[in-house]
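Notes follow the structure.
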Amino acid sequence: MKLSASEDDLGSDIHVPADIDWHMLDKSKFFFLGAAFFSGASAGLYPAMVLKTRQQVSSTQISCFKMSFSIMRCEGLRGFYRGFGTTLMGTIPARALYMGALEVTKTSVGSSTVRLGFSDTTATAIASAAAGLSSAMAAQLVWTPIDVVSQRLMVQAPNASPCRYKNGLDAFRKILFADGLKGLYRGFGISMLTYAPSNAVWWASYSVANRLIYGGLGWSDNIRRSESKATAVAVQGLSAAMASGVSALITTPLDTIKTRLQVLDKEENGVRKPLTMLQTVRNLVKESGLAACYRGLGPRWASMSLSATTMITTYELLKRLSAKNQESLTS
C-alpha cells in the first residue's frame with residue numbers, strides 16, 4: 001500500500017491496498033535503502049533536535065537564535081551533533097521496525113475498512129492513523145534507550161569536569177550500571193503517549209490535508225494521474241507541513257515532559273534520583289507557567305516538517321526501487 005493518499009490517486013480512485021503492496025517488496029532491499037535514506041535525512045535535521053532538547057531542559061526561556069549562537073561560539077559545529085553517533089546506530093533497527101509495522105498495518109487495516117463499506121477518505125484516514133500508531137509503538141522499543149543516551153549527550157556541558165559521559169557507549173554503561181535496564185527505558189510510558197498519538201495524528205492529518213489540497217485545486221482523478229512530479233512533491237510537502245503543525249501543537253507538551261524525565265535528575269542527600277512525572281510537570285509550571293510546556297515548539301515543528309517532507313517525497317521512490325518486479329512498474 002502506498003504511503004500517501006495523493007500517491008494512491010495517481011493510478012486510480014483510492015482503493016486499498018494500492019499498486020505497490022507489502023508482499024510486492026524485496027524486504028532486504030526495502031530496509032537497507034530505507035535505513036540509508038533516512039540516516040541521511042537524520043544528519044541534516046539533527047541540529048534542530050539538539051536545539052529542541054536544550055530548550056526543553058533549560059530552566060529559562062532562550063530563543064533559538066541565542067542558543068544557536070551560544071552553541072556555535074562555545075562548542076563549534078560539533079556541538080550541534082552531540083549524541084549523533086548513538087542516534088545513527090539506532091536508526092537501522094528502529095527504521096526497520098517502523099517501516100515494517102507501517103506497511104503491514106496500513107495494508108491490512110486499509111483493506112478491512114474498504115470491505116466494511118467506509119468511504120475512500122475515511123478508509124485512508126483510519127488506515128493511516130492505525131499505521132502511525134502501530135509503527136510508533138514498535139519503533140519505541142529501540143528509540144527510547146537511544147533517546148535517553150543521545151539526549152544526555154546533547155545537554156552535557158562541553159567543558160564539564162569531570163566529564164560525566166565520554167561517549168554514547170560510556171553513557172550506556174553508566175546508565176545501565178546505575179539504574180539497570182529501567183534506566184535506559186526511563187520515560188518509555190510517556191514516550192508511547194507522545195509518539196504513538198503524534199504519529200496517528202500526523203498520518204490522519206496528512207491524508208486529510210492531501211485530499212483537501214487536491215479538492216481545493218478542483219482536480220479530477222484523470223488530471224491527478226497525469227500531474228507532474230514537481231506538482232506531486234509540492235502538494236506532498238505542503239500536506240506534510242500542515243500535518244506536522246497539527247501534530248506538534250498537540251504533542252509538544254508531552255514531548256517536553258518526556259525529555260525532562262529522560263535527562264534531568266533530582267538530588268536527595270547527595271544521591272541522584274530520577275524525577276517523577278508529577279514533579280516534572282510541577283517544575284515546568286513553576287518556571288514559566290503552561291508556556292514552559294511548549295519550549296522547543298519552533299525547532300520541533302521545523303524538524304518534523306522537514307523530516308516529514310523528506311520522508312514523504314522519498315518513500316515512494318524507496319518502494320519502487322525495492323519492488324520485486326521493476327519492469328511491471330515502469331511499463
Side-chain angles (χ1 to χ4, degrees), residues 1-31 33-35 37-38 41 93-143 192 195-214 224 232 235-236 239-240 242-244 246-247 304 307-324 329:
M1 178 169 183
K2 288 188 186 288
L3 188 67
S4 66
S6 68
E7 292 162 347
D8 286 342
D9 289 345
L10 295 178
S12 59
D13 294 341
I14 292 181
H15 295 293
V16 284
D19 49 336
I20 302 182
D21 210 344
W22 176 246
H23 69 276
M24 298 171 63
L25 297 173
D26 180 330
K27 308 301 187 298
S28 59
K29 186 185 290 186
F30 179 68
F31 289 134
L33 290 176
F37 284 173
F38 294 118
R95 289 296 181 187
L97 285 170
Y98 186 93
M99 292 187 295
L102 183 76
E103 286 299 317
V104 170
T105 305
K106 214 171 184 194
T107 296
S108 58
V109 174
S111 300
S112 299
T113 51
V114 167
R115 284 196 297 267
L116 289 172
F118 286 95
S119 67
D120 289 339
T121 302
T122 303
T124 302
I126 293 173
S128 298
L133 189 69
S134 66
S135 58
M137 292 174 68
Q140 279 310 306
L141 294 171
V142 175
W143 274 127
M192 296 290 278
Y195 292 121
S198 176
N199 270 264
V201 169
W202 192 94
W203 283 106
S205 300
Y206 175 81
S207 66
V208 172
N210 202 280
R211 285 175 173 273
L212 287 175
I213 293 171
Y214 276 121
R224 290 169 67 177
V235 172
Q236 290 167 354
S239 300
M242 292 169 64
S244 297
V246 173
S247 182
M304 288 177 68
S307 177
T309 301
T310 302
M311 178 179 66
I312 287 298
T313 54
T314 60
Y315 203 84
E316 180 64 13
L317 172 62
L318 168 63
K319 290 178 72 175
R320 289 191 175 277
L321 289 174
S322 304
K324 293 176 182 177
L329 294 176

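The number of heavy-atom neighbours closer than 6.0 Å to CE of Met137, taken from other residues, nucleotides and ligands shown, is 12 or below.
For Tyr98, the side-chain hydrogen bond (donor to acceptor under 3.5 Å, both in side chains) partners are Asn199, Trp203, not counting sequence neighbours. Residues forming a ring-ring contact (aromatic ring centres under 6.0 Å, His included) with Trp202 (at least two apart in sequence, or on another chain): Tyr206. With sequence neighbours excluded, no residue forms a side-chain hydrogen bond (donor to acceptor under 3.5 Å, both in side chains) with Ser205. For the side chain to side chain contact (heavy atoms under 4.5 Å, CB included) test, residues two or more places apart in sequence or in another chain that qualify with Leu97 are Ala138, Val142. Contacts of Ala131 classified as side chain to side chain contact (heavy atoms under 4.5 Å, CB included), with partners at least two apart in sequence or in another chain: Leu102, Thr105, Lys106. Not counting sequence neighbours, Ser108 has no partner by the side-chain hydrogen bond (donor to acceptor under 3.5 Å, both in side chains) test.
The main-chain N or O of Val104 is never found under 3.5 Å from a side-chain atom of Thr107 such that the two would form a donor-acceptor pair. In this structure, the side chain of Ser244 engages the main chain of Ala240 through a donor-acceptor pair within 3.5 Å.
With a 4.5 Å cut-off on side-chain heavy atoms, Met242 and Leu212 do not count as touching.
How far OH of Tyr195 is from OG of Ser135: 13.5 Å, rounded to the nearest 0.5 Å.
Among all heavy-atom pairs drawn from Ala129 and Ala204, the shortest one is CB-CB, 4.1 Å.
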One pair to check against side chain to side chain contact (heavy atoms under 4.5 Å, CB included): Thr122 and Thr113. What are the steps and the verdict? CA-CA 8 Å; Thr122 303; Thr113 51; over 6 Å; no

